[in-house]
Amino acid sequence: QVQLVESGGGLVQPGGSLRLSCAASGSIYRLYAMGWYRQAPGKQRELVATISSDGYTNYRDFVKGRFTISRDNAKNTVYLQMNSLKPEDTASYYCNADSSLMSTPYKVYTYWGQGTQVTVSS
């Protein structure tokens, strides 16, 4: 199994910044794409940004120019730098990763973290 642990959430004023981290651990054979999703109260979970194992990134329009996703493959960690935060960015942010396992190196599974709360408010 693979465990994803997020950190870095909190309360920030509009216009402020936060950096989320998500560390993957466990019986990892290879990590593939990793990403960040978010879910606001009463809304469906939505994609924020993804990054491939080669570093190719993809962003939703509502975060382009404000958020930056990156990863450190040596640490099995993905980051989300969030700048110019808006109240509508308030949500629980979830890390997502596709990974194969040592026991099944040719089968890819999808894992989720437990979420970290981001609140943007004055």
Side-chain angles (χ1 to χ4, degrees):
Q1 293 297 319
V2 174
Q3 295 79 44
L4 301 177
V5 179
E6 300 107 332
S7 60
L11 173 64
V12 64
Q13 292 186 343
S17 298
L18 282 176
R19 188 192 193 207
L20 306 183
S21 300
C22 172
S25 63
S27 302
I28 299 169
Y29 181 77
R30 179 178 177 183
L31 275 175
Y32 295 87
M34 302 182 78
W36 289 94
Y37 289 69
R38 70 185 187 185
Q39 187 168 18
K43 295 187 177 181
Q44 290 188 331
R45 190 172 297 188
E46 61 182 0
L47 173 68
V48 175
T50 60
I51 184 167
S52 71
S53 57
D54 296 331
Y56 290 100
T57 59
N58 180 53
Y59 298 91
R60 295 293 301 278
D61 285 345
F62 52 76
V63 301
K64 282 183 179 177
R66 300 189 299 123
F67 291 10
T68 301
I69 189 170
S70 61
R71 64 190 287 170
D72 184 333
N73 290 331
K75 295 181 179 180
N76 289 338
T77 299
V78 63
Y79 305 95
L80 187 68
Q81 177 67 44
M82 304 185 295
N83 299 327
S84 302
L85 282 160
K86 305 175 181 179
E88 51 264 42
D89 294 319
T90 296
S92 292
Y93 283 71
Y94 296 89
C95 175
N96 164 282
D98 292 332
S99 178
S100 57
L101 305 179
M102 300 292 274
S103 58
T104 54
Y106 300 109
K107 187 171 183 178
V108 180
Y109 301 88
T110 298
Y111 296 92
W112 291 89
Q114 81 289 350
T116 185
Q117 178 67 33
V118 171
T119 302
V120 185
S121 176
S122 54

Quiz item: Do T77 and D72 get their side chains close enough for a donor-acceptor pair, meaning under 3.5 Å?
Solution: no

Self-check item: Y59 side chain near R66 side chain, heavy-atom distance below 4.5 Å
Solution: no

Quiz prompt | Value rounded to 0.5 Å, distance of CZ in F62 from NZ in K86 | solution = 10.5 Å

Quiz item: Any side-chain heavy-atom pair from Y94 and L4 closer than 4.5 angstrom?
Solution: no

Exercise. Could I get the full list of ring-ring contact (aromatic ring centres under 6.0 Å, His included) partners for F67, not counting sequence neighbours?
Key: none

Self-check item: Heavy-atom pair of closest approach, residues V120 and T90
Solution: N-OG1, 2.9 Å

Quiz item: Of the non-hydrogen atoms in A91 and A40, which two are nearest, and what is the gap between them?
Solution: CB-N, 3.8 Å

Exercise. Answer yes or no: is there a donor N or O on one side and an acceptor on the other, between the side chain of E6 and the main chain of C95, under 3.5 Å?
Key: yes

Quiz item: Could you give the distance from OH (Y37) to CG (L80), rounded to the nearest 0.5 Å?
Solution: 13.0 Å

Quiz item: Taking S100 for the side chain and K107 for the main chain, is one N or O donor matched with an acceptor at less than 3.5 Å?
Solution: no

Exercise. Show your reasoning for whether side-chain contact (heavy atoms from CB on, under 4.5 Å) applies to S99 and V108.
Key: CA-CA 5 Å; S99 178; V108 180; 6.0 Å; no

Quiz item: Of all heavy-atom pairs between V118 and M82, which one has the smallest distance, and what is that distance?
Solution: CG2-CE, 3.8 Å

Exercise. Starting at CG of L11, measure out to OG of S122 and round the result to the nearest 0.5 Å.
Key: 9.5 Å

Quiz prompt | Sequence-distant partners of R38, side chain to side chain donor-acceptor pair (under 3.5 Å), two or more places apart | solution = E46, D89, Y93

Exercise. Classify the side-chain pair S92/Q117 by whether it contains a donor and acceptor separated by less than 3.5 Å.
Key: yes

Exercise. Using the ring of W36 (Phe, Tyr or Trp, six-membered ring only), decide whether R60 places NZ or CZ under 6.0 Å from its centre and within 45 degrees of its axis.
Key: no

Quiz prompt | Heavy atoms from other residues, nucleotides or ligands near CD of E88 exceed 12 (cutoff 6.0 Å) | solution = yes

Practice problem: Show your working on side-chain contact (heavy atoms from CB on, under 4.5 Å) between T104 and Y109 and close with a plain yes or no. | Solution: CA-CA 10 Å; T104 54; Y109 301 88; 3.4 Å; yes

Self-check item: Criterion side chain to side chain contact (heavy atoms under 4.5 Å, CB included) against I69, the qualifying member of V48, N58, I51
Solution: I51

Quiz prompt | Close side-chain approach of R71 and S53, heavy atoms under 4.5 Å | solution = yes

Can you list, pair by pair, the side-chain donor-acceptor contacts under 3.5 Å of residues 15-32, counting residues two or more places apart and other chains?
| unit_1 | atom_1 | unit_2 | atom_2 | d |
| --- | --- | --- | --- | --- |
| S17 | OG | N83 | OD1 | 2.9 |

Practice problem: Measure across Y111 and Q1 and return the closest heavy-atom pair with its distance rounded to 0.1 Å. | Solution: CE2-OE1, 3.4 Å

Quiz item: Would you say Y79 and M34 are hydrophobically clustered, going by side-chain heavy atoms of ILVMFWY under 4.5 Å?
Solution: no

